[in-house]
Amino acid sequence: MYTVKLFAILAEQVGQAEVQLQLPTPITAGAVKAAMQAAFPQTSSVLADCLVAVNQTFIDQEEFAPSEVTELALIPPVSGG
Amino acid sequence: MYTVKLFAILAEQVGQAEVQLQLPTPITAGAVKAAMQAAFPQTSSVLADCLVAVNQTFIDQEEFAPSEVTELALIPPVSGG
Amino acid sequence: MVKVRENAVHYVAIAAQPLDVQALYEKLKAPQFGGIVTFVGTVRQWTADVETHAIEYTAYTEMALKELTKLATTIEAQGANVVIVHRVGHLALTDEAVFVGVAAAHRGDAFKWCEYLINAVKQQVPIWKKEFDTDKIRWGGLE
Amino acid sequence: MVKVRENAVHYVAIAAQPLDVQALYEKLKAPQFGGIVTFVGTVRQWTADVETHAIEYTAYTEMALKELTKLATTIEAQGANVVIVHRVGHLALTDEAVFVGVAAAHRGDAFKWCEYLINAVKQQVPIWKKEFDTDKIRWGGLE
């Protein structure tokens, strides 16, 4: 099980600032979003627009071994400024 | 005789903040500069780059009757900011 | 709580307290820089016919600091001082949400870099706004 | 001595005392404006290999105020708050020579208008600088 941090609307939809998800190896952005969607289907429409961050860096198509991952987060569309 | 205000390097070259000049009618930018050059030839090179202001407004080719002129000034190249 | 990163770059922070615009401006000044451009984003009342009365900002603080540091480093490497601070928490009308300042030798660069930075902050730094409008609550970035 | 014109436009002035950046910034804030861009020009030490240690600014004050008012009015008519203040007198390194601030609904306009205004101030407002450089005295605009 991996801890995945949630923020903003995503955290509100789930009612938690982080969730535990089962993830396949290697870990990819697609795998994180798919696991989130399966566990919390109410986040589905927001998830479509989310990015994934591994170790506080946005990832795109990269693959990660479990040993490389110390922090996972789902990032809803940002709106600072 | 007309009072003409001087500023910056022009005032330093003459050692005065204003001068009295005899001007023809109508009053034009060219006439002010020509009269200044005749009276204070040491200002010649700076005068070439000066503008003339009538009543605190830059003038170009306009002509003014004496009754229209309440304030005359020679404006060296500006360098604020 | 103010989280700050001040090693490589001049000053970036995520701040829970009101921004001190004067103090942030002072950090930018230096004898080698003649032009200082700052952008401050404040909470605006009207967006078309939607009336806002408050905004709550949240951040993924550690990652936001990393992203701000990357942005500031890129510009400072070109010869500038950069200060970027973003508020989190509950903001009222006209409260400062973000301060982006660039000091450079020449003003053209300072304008260009400051505008680049605020655009980049809005596009890639994990900070979110929850807008309390008269008609309903809106999450920024979603509509 | 501070000469001020504050009727039609928000605030323009020729100031003999140091600029209070915080106070000038505060004049720009308003609920309808979400983006505030300010430019501050400070006395810079180096221009290529010329070292400056002080600048003396003088102005044709009444005409400078008229020109500043014209500039500010043009931009305020497009929907903005404008503040422009220029120092006169003897300035040391890093002292503020000019403050130009624009508050607008959207940041793109605020950046564009602020840069337009400082360029216009430098081109058409009767203010002069006498630069005290290490090698000699230079009058701005003449070399």
Side-chain angles (χ1 to χ4, degrees), chain A residues 2-21 23 27-33 35-37 40-64 68-81, chain C residues 3 5 12-15 19 39-44 47 52 55-71 84-89 91 96-100 114-131 136-143:
Chain A
Y2 291 83
T3 300
V4 178
K5 292 177 182 287
L6 304 179
F7 297 94
I9 189 172
L10 209 54
E12 283 205 359
Q13 288 182 333
V14 174
Q16 297 167 216
E18 55 184 50
V19 292
Q20 303 293 318
L21 296 177
L23 297 174
I27 292 165
T28 63
V32 174
K33 291 169 74 167
M36 183 69 188
Q37 165 129 22
F40 301 94
Q42 73 270 33
T43 63
S44 169
S45 73
V46 172
L47 266 183
D49 293 323
C50 283
L51 296 176
V52 173
V54 170
N55 306 339
Q56 302 174 0
T57 301
F58 289 115
I59 67 167
D60 182 22
Q61 299 299 323
E62 301 92 315
E63 303 188 342
F64 292 83
E68 297 175 297
V69 175
T70 55
E71 191 167 310
L72 277 170
L74 275 160
I75 313 285
V78 305
S79 54
Chain C
K3 296 268 182 113
R5 203 165 281 200
V12 303
I14 300 294
L19 305 191
F39 171 81
V40 176
T42 56
V43 176
R44 190 180 62 210
T47 301
T52 298
I55 292 182
E56 189 174 276
Y57 284 97
T58 54
Y60 181 3
T61 303
E62 294 304 325
M63 182 173 169
L65 285 172
K66 276 193 183 178
E67 293 292 319
L68 292 178
T69 301
K70 276 186 222 167
L71 289 171
I84 313 176
V85 182
H86 203 296
R87 262 301 295 280
V88 290
L91 278 71
E96 285 84 4
V98 61
F99 176 100
V100 177
C114 186
E115 190 165 16
Y116 164 80
L117 285 171
I118 180 59
N119 288 339
V121 166
K122 285 170 168 271
Q123 282 158 19
Q124 70 193 68
V125 179
I127 299 171
W128 298 272
K129 72 171 167 187
K130 184 180 185 181
E131 217 176 82
K136 62 171 180 169
I137 289 173
R138 285 179 175 78
W139 282 95
L142 293 181
E143 336 201 354

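Each chain gets a letter, A, B and so on, in the order the sequences are listed, and its residues count up from 1. Worth saying up front: this structure is predicted, and the values here are computed from it rather than measured.
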Residue part contacting chain A, namely of [X], when any heavy atom lies under 4.5 Å:
X	answer
Ala59(C)	backbone
Lys129(C)	both
Glu56(C)	neither

Item to check | Any Met63(C) side-chain heavy atom under 4.5 Å of Phe7(A) side chain | outcome: no
Checklist entry - Do Ile9(A) and Leu142(C) touch side chain to side chain, with heavy atoms closer than 4.5 Å? => result yes
Ignoring hydrogens and geometry, is there a side-chain-to-backbone donor-acceptor pair from [X] to [Y] under 3.5 Å?
X	Y	answer
Trp128(C)	Pro76(A)	yes
Tyr57(C)	Ser79(A)	no
His86(C)	Gly81(A)	yes

Next on the checklist: Please report the interatomic distance CD(Gln56(A)) to OG1(Thr61(C)), rounded to the nearest 0.5 Å.
Outcome noted: 10.0 Å
Checklist entry - When you look at CD of Gln61(A), are more than 12 heavy atoms from neighbouring residues, nucleotides or ligands closer to it than 6.0 Å? => result no
Next on the checklist: With chain C as the partner, which of Ala8(A), Ala53(A), Ala11(A) has the greatest number of non-hydrogen pairs under 4.5 Å?
Outcome noted: Ala8(A)
Checklist entry - What's the shortest heavy-atom distance between Asn55(A) and Lys66(C), and which atoms? => result O-NZ, 3.3 Å
Item to check | Where Gln124(C) and Phe58(A) come nearest, the two heavy atoms and their spacing | outcome: O-CE1, 3.2 Å
